[in-house]
Amino acid sequence: MADLITVDDPEDPRLCDYTGLTDVELRRRREPAEGLFIAEGEKVIRRARHAGYEMRSMLLSAKWVDVMRDVIDEVPAPVYAVSPDLAERVTGYHVHRGALASMQRKPLPAVGELLRSAHRVVDAEPAGERTGAGTAPPPGPRQGAVRRVAVFEDMVDHANLGAAFRNAAALGVDAVLLTPRCADPLYRRAVKVSMGAVFHVPWTRLASWPKDVEILREHGFVTAALCLDEKSVTMDELAARRYGKLALMLGTEGDGLSVDALRAADEWVRIPMAAGVDSLNVAAASAVAFYATRPQGA
């Protein structure tokens, strides 16, 4: 059972995990270096726990103590009870969800290990319903064959990255690979936008891009790069080929995939546009691509 500790000093060193949450550059440097990330809101906190992330501490306003009582009773980490005003002074913003948790990151798997057999976390919680005290937690990781992979190149917007992860989880993508310059999926905004989906889809970072396309080929994947080139095939044409293992490559906001990434890909594919629209937001494009290439019967 966790200790419930009332804190009334915003300079209390025990709250250091939660300081300056609105300073994006600071948090982007600090969180990976210190091996932590912040889960915001009851649902996201529960999903992080069910995915096997260890809790370092929790920060709650008074009205959320009873709501999170079952979690408080289960975890050994300290729980800090604070006023809404103090929470805002510590974090730098109004914590309207009233619940934050500092979670311990897990070591990222090697790319080859992930492609051989991903451990996808399945959340059995009905959509729109809250898991509360006395409710059985969602199932944990499930191991399975990896057939469809998403590769996100240099996606730096946390909201887009979170939305793309949510699309991947909802539409059955087995794993996600991130290039070295991609944003952090465990940054607070990415986690929040994904509604915790970043905990459900196995992911890791590529060390050398686009050279690491060869790792995908070694594991039998056809790589398909989303682009606007007239030489590309349509998404329907790609889906009709029914590749046994497919890696969908999506580029950064605005510029799309790099020239080197396009050269490294096996296929170029486009989403046909109408009404003079030239392209979709990368998160929207990911949803279309993931749905169009879903396995038959899914």
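Residues L280 and M273 are in side-chain contact: their nearest non-hydrogen atoms beyond the backbone lie under 4.5 Å apart. Side-chain contact check for L178 versus T204: every heavy-atom pair is 4.5 Å or farther apart. Annotation: side chain of V146 is not in contact with side chain of H219 (no heavy-atom distance under 4.5 Å). Within the 4.5 Å cutoff, the side chain of K192 has no heavy atoms near those of the H158 side chain. Between E267 and Y243 the shortest side-chain heavy-atom distance falls below 4.5 Å. Residues L60 and V82 are not in side-chain contact: their nearest non-hydrogen atoms beyond the backbone lie 4.5 Å or more apart. The shortest distance between side-chain heavy atoms of L4 and M58 does not fall below 4.5 Å. At least one side-chain heavy atom of R205 sits under 4.5 Å from a side-chain heavy atom of C182.
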Legend entry - side-chain contact (heavy atoms from CB on, under 4.5 Å) evaluation trace for N160 with N281: CA-CA 8 Å; N160 281 338; N281 165 277; 3.1 Å; yes

Inset, instruction - Give the intermediate values and the outcome of side-chain contact (heavy atoms from CB on, under 4.5 Å) for residues R105 and E34. - result: CA-CA 9 Å; R105 290 176 183 248; E34 296 182 15; over 6 Å; no

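Electrostatic pairing of D266 and R217 counts as a salt bridge here, judged by a charged N lying under 4.0 Å from a carboxylate O. Salt-bridge check for R189 with E40: failed, with every basic side-chain N at 4.0 Å or more from each acidic carboxylate O. At a threshold of 4.0 Å, the pair D174-R147 does not count as salt-bridged, since none of the basic side-chain nitrogens sits closer than that to a carboxylate oxygen. For R49 and E74, the salt-bridge test passes: some basic side-chain N is under 4.0 Å from an acidic carboxylate O. Using a 4.0 Å cut-off between charged side-chain N and carboxylate O, R116 and E113 make no salt bridge. With salt bridges taken as basic N to acidic carboxylate O contacts below 4.0 Å, one links E42 and R46.
Residues M103 and A48 share a closest heavy-atom pair of CE-CB, 3.9 Å. Closest non-hydrogen pair, R166 versus A197, comes out as CA-CB, 3.5 Å. Taking each heavy atom of S286 and N167 in turn, the nearest pair found is OG-ND2, 3.0 Å. Of all heavy-atom pairs spanning V156 and E253, the tightest one is N-OE1, 3.4 Å. Shown here for A224 and L238, the closest heavy-atom pair between the two residues is CB-CD2, 3.9 Å. V173 and V201 make their closest contact through O-CG1, 4.0 Å (heavy atoms, listed as atom of the first residue, atom of the second, distance).
Note: I215 CD1 to L177 CG = 8.5 Å, rounded to the nearest 0.5 Å. Taken from CG in D12 to OH in Y80, the straight-line distance is 7.5 Å, to the nearest 0.5 Å. One finds the CG atom of D229 at 12.0 Å from the CG atom of L257 (value rounded to the nearest 0.5 Å). Distance CG/L86 to CG/L59: 8.0 Å, rounded to 0.5 Å. In this structure, OG in S61 is found 12.0 Å from CD in E88, a value given to the nearest 0.5 Å. Remark: D184 CG to R29 CZ distance equals 13.5 Å, nearest 0.5 Å.
Looking at residues two or more places apart in sequence or on another chain, you find a salt bridge (Lys or Arg N to Asp or Glu O under 4.0 Å) between R56 and D17.
The environment of E54 atom CD is sparse: at most 12 non-hydrogen atoms of other residues, nucleotides or ligands sit within 6.0 angstrom. Within a 6.0 Å sphere centred on CZ of R181, other residues, nucleotides and ligands contribute 12 heavy atoms or fewer.
In the hydrophobic cluster analysis, where Ile, Leu, Val, Met, Phe, Trp and Tyr join through side-chain heavy atoms closer than 4.5 angstrom, L114 is grouped apart from V176. Tracing side-chain contacts under 4.5 Å through hydrophobic residues (I, L, V, M, F, W, Y), one reaches V213 starting from F221; they form part of the same cluster. Under the 4.5 Å side-chain heavy-atom criterion for grouping Ile, Leu, Val, Met, Phe, Trp and Tyr, V95 is not connected to V71 through any hydrophobic cluster. Residues M55 and V44 share a hydrophobic cluster, clusters being chains of Ile/Leu/Val/Met/Phe/Trp/Tyr side chains in contact below 4.5 Å. In terms of hydrophobic clustering, with Ile, Leu, Val, Met, Phe, Trp and Tyr side chains grouped at heavy-atom distances under 4.5 Å, M249 and Y291 are assigned to different clusters.
Note: F152 and F165 have perpendicular aromatic rings, judged against thresholds of 30 and 60 degrees for the angle between ring planes.
Looking only at atom types and distance, the side chain of E153 has a donor-acceptor partner in the side chain of S258 under 3.5 Å away. For R148 and T293, the side-chain atoms include at least one donor-acceptor pair closer than 3.5 Å.
Under a 3.5 Å cut-off, the side chain of R270 and the backbone N or O of C227 do not form any donor-acceptor pair. Panel note: side chain T252, backbone D154; a donor-acceptor pair is recorded below 3.5 Å. Within the 3.5 Å criterion, the main-chain N or O of K211 finds no donor-acceptor partner in the side chain of S208. In this structure, the side chain of W268 does not engage the main chain of K231 through any donor-acceptor pair within 3.5 Å.
The cationic group of R188 does not satisfy the cation-pi geometry with Y18, failing either the under 6.0 Å distance to the six-membered ring centre or the 45° limit from the ring axis.
Between F199 and Y53, the distance from one ring center to the other falls under 6.0 angstrom.
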